[in-house]
Protein chains: 2
Amino acid sequence: MRVSRQKAQKNRDAVLDAAARLFRERGLDGAGVAEVTREAGLTHGGFYGQFPGGKDALAAEAVTAAFAATQAFWEELAIGTKPGSGGALAAIISAYLSDGHRDDPGRGCPVPALAADAARRGGVVQAAFSGGVRDLIDTLARHTPGNTDAGRRAEAARLLATLAGAVLIARAVSGGDPALANTVVDAAKAGMPLNGICVP
Amino acid sequence: MRVSRQKAQKNRDAVLDAAARLFRERGLDGAGVAEVTREAGLTHGGFYGQFPGGKDALAAEAVTAAFAATQAFWEELAIGTKPGSGGALAAIISAYLSDGHRDDPGRGCPVPALAADAARRGGVVQAAFSGGVRDLIDTLARHTPGNTDAGRRAEAARLLATLAGAVLIARAVSGGDPALANTVVDAAKAGMPLNGICVP
DNA sequence: TGTACATCAGTGAACGCGCGTTCACTGATGTAC
DNA sequence: TGTACATCAGTGAACGCGCGTTCACTGATGTAC
């Protein structure tokens with residue numbers, strides 16, 4: 001049965017939201033079209049009307065949405081901190097390396113959750129992922145101390161690698177060796193620029 | 001047809017080798033039992049005689065084998081460098097952040113290739129992964145400067161997070177934004193302890 | 001050492017299952033008058 | 001504003017396909033004599 005255009009848009013958004021969460025939780029191969037649409041309160045039949053590009057198109061849009069949400073979350077964290085004080089960066093790092101982020105990949109950064117999948121899938125998914133990483137590094141660079149744009153971007157890139165790597169490893173070992181997971185996250189925290197000065 | 005016990009062992013090893021490579025290349029969901037055994041020159045029927053635990057058992061053993069190979073490769077790199085000079089660590093870092101490693105996940109470190117899969121799969125796979133990460137960090141710590149064991153281990157953990165994160169991101173964006181991939185890897189290189197002094 | 005036979009590593013067909021995708025259909029929406 | 005009808009968002013059954021796994025069978029190996 002037909003629904004209003006407003007309701008149709010809401011339904012599409014619900015599918016996208018469910019996809020962005022489920023893909024981060026279970027991987028691009030671990031969540032199917034049927035489950036995603038069911039989670040959005042719909043059946044799978046209408047899906048190809050919403051996303052003519054099929055699952056790949058959904059995955060690409062979900063990746064973009066997940067990056068946008070992460071970026072928005074970071075900007076929200078930055079509000080209320082003194083500009084130039086490094087407080088925004090500290091807040092982002094603290095949230096990124098929190099237990100909450102480690103244990104809730106569905107609402108977290110797409111990099112540790114989906115980077116390997118994006119690398120393998122290629123096409124529109126990898127393109128969306130690349131754009132997301134670039135925007136995320138730019139956002140991080142805006143809150144990173146440094147003299148030049150290139151320097152801030154490089155530092156932000158290094159930071160994201162360490163943050164994503166630490167959460168990636170922590171998630172992988174938290175079930176089999178919780179102490180090791182904490183070691184990795186704590187080591188990453190200790191190596192963050194705000195805890196001292198790095199002189200390359 | 002029955003084969004000799006020696007040949008049977010060789011066949012099992014061939015399946016394990018193929019699995020260790022294919023799983024790293026395509027992910028645990030991206031390579032099937034049929035393809036792995038075919039790559040080893042066998043049919044899939046005999047597989048459950050070799051691995052009664054099924055695909056999960058194969059994945060767990062493949063993860064362990066991949067970590068062991070990475071560790072052996074690092075130890076090989078360390079041979080011929082002056083002990084305590086940091087030369088071994090420099091060689092490991094250089095190899096890890098090379099284009100060759102980025103573009104050949106099948107023979108590379110299991111962390112960027114399989115950590116997300118291991119986190120989701122749980123069970124014996126996650127247990128094998130946890131053990132592999134611990135051993136890898138211990139190996140890295142043996143070549144890391146520092147005053148205490150705990151300090152070396154923490155530094156090694158932080159190092160592995162940065163290395164794995166950088167390669168993970170580089171692989172994900174190399175198709176869509178090659179310049180960004182180089183930015184991330186170069187930034188990780190520049191942030192390595194051997195290029196300067198980190199004062200936490 | 002030679003022979004007869006039990007063992008078992010590997011084969012290939014078959015199983016149920018869930019996947020991504022298609023399509024005829026439904027019925028409320030949006031529109032033309 | 002009210003009515004008639006075309007549009008189309010969503011439904012649910014169905015498609016082929018590849019997955020992990022099972023199993024009856026084959027025939028060379030390993031063993032007992």
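Throughout, a chain's letter reflects where its sequence line sits, starting with A, and its residues are numbered from 1. If you're wondering where the values come from, they're calculated on a predicted model, not measured in any experiment.
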(request) Answer yes or no: is there a donor N or O on one side and an acceptor on the other, between the side chain of B/Ser85 and the main chain of B/Lys82, under 3.5 Å? (result) yes
(request) Treat each ILVMFWY residue as a node, draw an edge where side-chain heavy atoms are under 4.5 Å apart, and state whether A/Val3 and A/Tyr48 are in one component. (result) no
(request) Write down the distance between NZ (B/Lys7) and P (D/dG27), rounded to a whole number of angstrom. (result) 19 Å
(message) Using 0.5 Å steps for rounding, measure from the OG1 atom of A/Thr37 to the CZ atom of A/Phe51.
(response) 10.5 Å
(message) Distance to the ring centre below 6.0 angstrom and angle to the axis at most 45 degrees; does that hold for B/Arg134 and B/Phe129?
(response) no
(message) Could you measure the distance from the CG atom of B/Asp117 to the CD atom of B/Gln126? Nearest 0.5 Å is fine.
(response) 11.5 Å
(message) Does B/Val184 form a side chain to side chain contact (heavy atoms under 4.5 Å, CB included) with B/Val173? I'd like the steps, not just the answer.
(response) CA-CA 10 Å; B/Val184 174; B/Val173 307; 5.6 Å; no
(request) Could you check A/Ser4 against B/Gly49 and say which one's nearest nucleotide on DNA chain C is further toward the 5' end? (result) B/Gly49
(message) I need the CZ-C1' distance between A/Phe47 and C/dG20, as an integer number of Å.
(response) 9 Å
(message) Closest-nucleotide mapping onto DNA chain D: is B/Arg2 or B/Ala34 further toward the 5' terminus? I mean the 5' end.
(response) B/Ala34
(message) Please report the distance, rounded to the nearest Å, between NZ in B/Lys55 and P in C/dC17.
(response) 19 Å
(request) Quickly work out the B/Asp29 CG to D/dG18 C1' distance and round it to whole Å. (result) 13 Å
(message) Tell me whether the side-chain N/O atoms of A/Gln50 come closer than 4.0 Å to OP1 or OP2 in D/dA9.
(response) no
(request) Among the candidates D/dG10, C/dG10, C/dA6, find the nucleotide nearest to the side-chain atoms of A/Asn11. (result) D/dG10
(message) In whole Å, I'd like the distance from the CZ atom of B/Arg26 to the P atom of D/dC19.
(response) 10 Å
(message) From CZ of A/Arg5 over to P of C/dT29, roughly how many Å is that when rounded to an integer?
(response) 13 Å
(request) Rounded to the nearest angstrom, tell me the gap between atom OH in A/Tyr48 and atom P in D/dA14. (result) 18 Å
(request) Starting at atom CD of A/Gln6, determine the distance to atom P of C/dA28, rounded to an integer number of angstrom. (result) 19 Å
(message) Could you check whether any side-chain heavy atom of A/Leu136 comes within less than 4.5 Å of a side-chain heavy atom of A/Leu160, counting everything from C-beta outward?
(response) yes
(message) Any side-chain to backbone donor/acceptor pair from B/Arg171 onto B/Arg102? Under 3.5 Å, distance only.
(response) yes
(message) Please determine whether a side-chain nitrogen of the Lys or Arg among A/Arg152 and A/Glu155 lies less than 4.0 Å from a carboxylate oxygen of the Asp or Glu.
(response) no
(message) Checking contacts here: which listed nucleotide (D/dG20, C/dT21, C/dG10) is nearest the side-chain heavy atoms of A/Val33?
(response) C/dT21
(message) Counting runs of three or more consecutive pairs, Watson-Crick or G-U wobble, with each distance below 3.5 Å, where are the stems of DNA chain C?
(response) C:2-33 with D:2-33
(message) So if I take residues 36-45 of chain B and measure heavy-atom distances to DNA chain D, which residues fall below 4.0 Å?
(response) B/His44, B/Gly45
